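Heads up, the thing below is written out as structure tokens.
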Amino acid sequence: MIQLDRVDKVYNQGRHNEVWAVRDVSLELATRGITVIKGPSGSGKTSLLAMIGCLARPTRGRIHLDGQLLSGLPERFMTRVRRATFGFIFQRFNLIRGLTLIENVMLPAYPLAPDPRELHERAMRLLRQFRLQARANNKAEWLSGGEAQRAAICRALINQPRILIADEPTANLDSHLASELMELITQLAERGSGILISSHDPLVFEHERVARVVQLRDGRVCD
Amino acid sequence: MIQDMRAVLRRQRYLLEYSLAALARRPGKHLLLLSVYALIVFLLSSTLLFTQAMRQESARVLAESPELIVQRLVAGRHDLIPAHYLASLTRIRGVSDGHGRLWGYFYDPAVRANYTLMVPRLDPPPAGEIHLGAGVARTRGLGLGDYLSLRSARGEPFAPRVTGVLDGRTELVSSDLILMHPDDFRHFFALPPEHFTDLVLEVRNPREVRKVAEKIIQALPDTRPILREEILRTYDAVFGWRQGMVFLVLSGALLAFAILAWDRAAGLSAEERREIGILKAIGWETREVIAMKLWEGAALSLMAFLIGYLLAYLHVFHLSATLFAPVLKGWAVLYPSFTPTPFIDGLQVATLFFFTVFPYMVAILIPIWRVAITDPDQVMR
Amino acid sequence: MPLNPAILALNLVSLTQTLMLLLAASLGVQILRHWDLSSGSERQLALERRTELIATLVAWVCAGTGLALLLFVYNAEQLSTQFVGAMCATGVLNANVWGWPALLLKLGLFFAGAVWLILSRVDLQAPDHPLIRPKYGLLLLIAPMALVETLVQWGFFSALNPDLITSCCGFLFGPEGAGVAAEVAGLDPAASLVALALSGLAVLASGLNYRLRGRGGGLFGLLAVAACLVALVAVVSAVALYVYEHPHHHCPFCLLKGGHGFIGYWLYLPLLGATALAVGVGLMQVWRAHPSLVTIIALEGRRLTTIALVLFTIFYAVAAWAVLTSNLILWST
């Protein structure tokens, strides 16, 4: 269970370019099933996901994950919670160019210092699962859009997270690839992962397997 | 416990591997820095290696020189010393033996160089014959059996025959040497008989040298005793000082290098910033990014250090320090060409480290930290 | 001042380190004044991120001081040829009043940095960072120490006048001399060996006790300081004699030379490392009852103690080996 209690996020506080990204949001979200946060761009979806995923700290308010207070943690502890709990798929996939596909997938595991052989096997298992094993040693920039997207999912799953966070995952995909992605995501949800998606793509929030949709506008929840 | 340590090492290994891969991915970006870095290491280590080699060379030669030399001073200047001084000196307790020496300098206008003329104590060449240092032989183009013609102090021609050329191994100090018979020497310089350039004393117990020197000044107030250890000390100080001067001169270059390093570490391309942002977003902590970037710096340093030091080593020990010799050897025209004996020592490597790697690593610390604190949610914005 | 590269390097390093520590201390002051972990403000985040910079700076200063210590001794060794009567590093350090203080301040800086890093390591493992105040308070003490070290070292080098007649280690560390060093050297080798053995047993036993029972960490730290001092005295007054196989050669630096198998490194590095760790373990016991630190200090203390015990064991084993395999016989039974 993720609980948000009167959460604000203000960027550049007190300066002329101050931005209120999220205002007074209180929410309870399940850590299983698919939840979509919906809203136009600039509505604060990404900031909300970033705070839930321990990428950013709320300016005010509290966030609890299964009873543990996340919002008062120093950055390095947030990072630890993050890598133990969350996996991320970013809008632009954000693979590192020049590294091979499998290196990109293994990257989030480096700070956890697993046994290299075990890590390699884990990565290969994921690549096989997502039909990428043949591309394992290709450079990231040579992958097609669909492959890059599946690679980003593999990278998000390498540390076996409980919750997968996807920020506008279909924004850069054609409708065919977008529905393929939703297919993969529903499969993961069926296996017990919690999935949080921000999107304003009907293909996502109108998908039959979505358990809950939260509507955001101007940083506030509106139902 | 052991597993913890294994994890720590393994994490660092992953970070190191990542940073090496990052270096390899952008070789062009680091090429300029690497070459400047290696050049600095090269310049500094050439200086150190070369002067150190000279210091050892001269110490080796001086080790065979006499323990105690006595000169006579007239009006504060070195003058010829009468032979009868020797008798009163050898009576001093602790002095076991003594003899007079004849040596001097001669300016040869033909090659515009100074020679050192000397009468060796043992086996001087017979009258009319001389032995030459390799430098003199080279510049005058003389070989065995040739005649060297010079003009004596009285303006008469003097043309002894060359019957020996000195061993090149001690060339640093013997390069400009001409050895001759005492009578030839006195005749050539028009010296009065029964006078020497200076006197050399042997002291039975090396610990008593200072005591003996004090007694000499009391017995013969117009003399000046010179101790071998003092000469050695002066040489050491002079070579150390020369190194220091070169380092001071190069410190401007060092500062420029540190600024370059700072600039390079701070001026990351958009692509590199994005990469750090991704690492932060997918779960790397700030200190892990710092560690990774420091590994990168360390790898670069190691490379530059090895390249620079190796080149300096080759330069000094195989090419006789062609670039530096004129500055550091300090005497003109008859350059001794000598190939120093190779060696490496801890003091030098530590000094070089602090002059190159240390400033580099300090210069990149703050820029690295600035990059490493990139907001993890940046890639989402 | 003899203008040689090593001296330039040492001054450069000390100056840089002082600047680094002053920077760290000034950042520390900001943290002390504005730290508020409950705030989600951007300033608090910026302060948290500065702690990473400070830790990195102190780590570099500590590592740099360790290397500078070596350079300092090497350099003194080399300068010894320029001083009448100085036959090794000791003579040069003796050339004026600043020599030994400079060496001791360097050692002190190394210890202070190491202990700070240990505290910081403990602090950073607790989500509420309970040691923020003691940590940055300590940093405010370390930074001036670096400044003093820089000045004393500068004073030492600039007062070096190569014409001085100094006493070499034969004088200073010989029983006939005067002063603390000579008294140290004049100690009965047998007595100091016994003291070495007893202090060694005490520190190993207390460390083992802490390691196994989780109590007495403070005692371990104190005993480690005592054992370190006893060990240094014993090296000068007895172990050195066995290494040199000469009944009157006491120099603590000649041990670092190749002629003696670099045994000095095997003695000093483990001893200094072990003492720094043990002092860190001892000091962290002050906060062992703090709720968020209980398990961290128990775990970290045990881990560091294990390393310290290994290092102490290496030191005592090498010292014992040096004494037992020596051909020198000081007394027969």
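For clarity, every value in this text was computed on a predicted model and none was experimentally measured. The basis for the numbers below is simple: all heavy atoms, side chains too, and nothing from hydrogens, waters or symmetry mates. So you know, we letter chains A, B, ... as the sequences are listed, proteins then strands, and number each from 1.
Your options are C:Leu10, C:Leu12, C:Thr16, and the one with the most heavy-atom pairs under 4.5 Å with chain B is C:Thr16. Between chain C and the residues B:Thr286, B:Leu352, B:Ile368, the largest count of heavy-atom pairs under 4.5 Å involves B:Thr286.
For B:Trp284 and B:Tyr18, the ring centers sit closer than 6.0 Å to each other.
With a threshold of 4.5 angstrom between heavy atoms, C:Ala63 does not approach chain B through any atom at all. Within the 4.5 angstrom heavy-atom criterion, no atom of C:Leu299 approaches chain B. Proximity to chain C involves both the backbone and the side chain of B:Ile373, based on heavy atoms less than 4.5 angstrom apart. Neither the backbone nor the side chain of C:Glu48 comes within less than 4.5 Å of any heavy atom in chain B. In this structure, the portion of B:Leu294 lying under 4.5 Å from any heavy atom of chain C is its side chain and not its backbone.
Residues B:Trp369 and B:Lys293 fail the side-chain proximity criterion, which asks for heavy atoms closer than 4.5 Å. In this structure the side chain of C:Asn4 reaches within 4.5 angstrom of the side chain of C:Leu79, judged on heavy atoms.
Using modelled atom types, one finds a donor on one side chain and an acceptor on the other under 3.5 Å when comparing B:Trp295 with B:Gln12. A donor atom on one side chain and an acceptor atom on the other are found under 3.5 Å apart for B:Ser301 and B:Tyr37.
Side-chain atoms of B:Glu288 come within 3.5 Å of backbone N or O of B:Glu285 as a donor-acceptor pair.
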